[in-house]
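Not measured: the values here are computed from a predicted model. Residues: numbered from 1 along the sequence shown. Remember, it's 1-based here, ligands and their atoms both numbered in the order they're listed.
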Amino acid sequence: MRSDLPLDVSIVVTLPFQENTLIVSLPGSKECLVIDPGFGSRRIVEQLADLQKSPVAILLTHGHVDHIAGVAGLRETWPEIPILIGVGDAPMLLDSQRNLSAPFGMPVTAPPATQTLNHHDRIVLAGIPLEVREIPGHSPGHVVFVYSNAKVPLVFGGDVLFQGSIGRTDFPGGDQQLLIEGIHRHLFGLPDDTLVFPGHGPTTTIGQEKQDNPFCGLN
Ligand SMILES: [Zn+2]
């Protein structure tokens with residue numbers, strides 16, 4: 001966990017897809033958000049216990065199985081916890097074909113969304129204000145969460161923009177052109193030192209990806 005950030009962000013790398021589950025809270029707060037709980041919810045619950053944090057909401061960037069497989073397990077421990085996802089991906093929670101778990105041979109579903117999110121929605125959960133930006137292309141209703149209440153903004157980005165790469169677009173509903181346009185329009189306008197926490201791999205910055213990213217960089 002980094003202590004130089006405006007929010008505490010703890011990452012649990014879930015297997016087998018090396019997916020980053022994020023535990024996000026205001027510094028010193030016991031309340032937190034869990035973003036994209038992946039496979040192995042027991043490890044996520046253990047990490048929450050180690051951090052002495054209780055989740056007040058589950059935020060989902062998109063409906064692919066590696067980002068939602070832990071939702072049901074978290075709901076066993078916290079039955080009332082709200083589940084938020086972009087309106088375009090909400091049906092994937094209930095459909096193992098659409099969330100790609102059945103095609104991967106491990107059918108999984110999740111409880112239904114309690115709130116669906118639209119582009120430019122603003123939410124405040126665990127005291128953390130976030131702006132929703134819809135960036136489709138990896139999945140039809142993919143959203144990212146932007147925290148801009150600090151000198152260094154943070155993006156909880158799912159499978160849109162990675163260090164040196166972008167989300168796969170070869171799944172049903174994928175569209176590489178749309179994804180790249182969305183990154184340019186909705187992420188590259190943020191300050192260069194904006195930190196991006198992606199769904200897989202290391203944290204990066206908007207400036208680094210504008211400079212170096214071979215798929216969507218501006219050079
Ligand atoms: Zn995905």
*asked:* Under the side-chain hydrogen bond (donor to acceptor under 3.5 Å, both in side chains) test against S25, which residue among K53, E31, K30 passes?
replied: K53
_Atom name in D159, limited to N/O/S, at shortest distance from the Zn ion (ligand 1)_ = OD2
*Do F171 and H64 pass the ring-ring contact (aromatic ring centres under 6.0 Å, His included) test, and can you show the C-alpha distance, the side-chain angles, and the key distance before you say yes or no?*
CA-CA 10 Å; F171 295 128; H64 286 158; 5.2 Å; yes
*Once rounded to 10 degrees, what value does the angle at the Zn ion (ligand 1) take between NE2 (H62) and NE2 (H138)?*
100°
_Check for me, please, whether V196 and V24 land in the same ILVMFWY cluster - side-chain distances under 4.5 Å, paths through other members count._
no
*Can you name the N, O or S atom of H64 that is closest to the Zn ion (ligand 1)?*
ND1
*Going by atom types alone, do S148 and E131 pair a side-chain donor with an acceptor below 3.5 Å?*
no
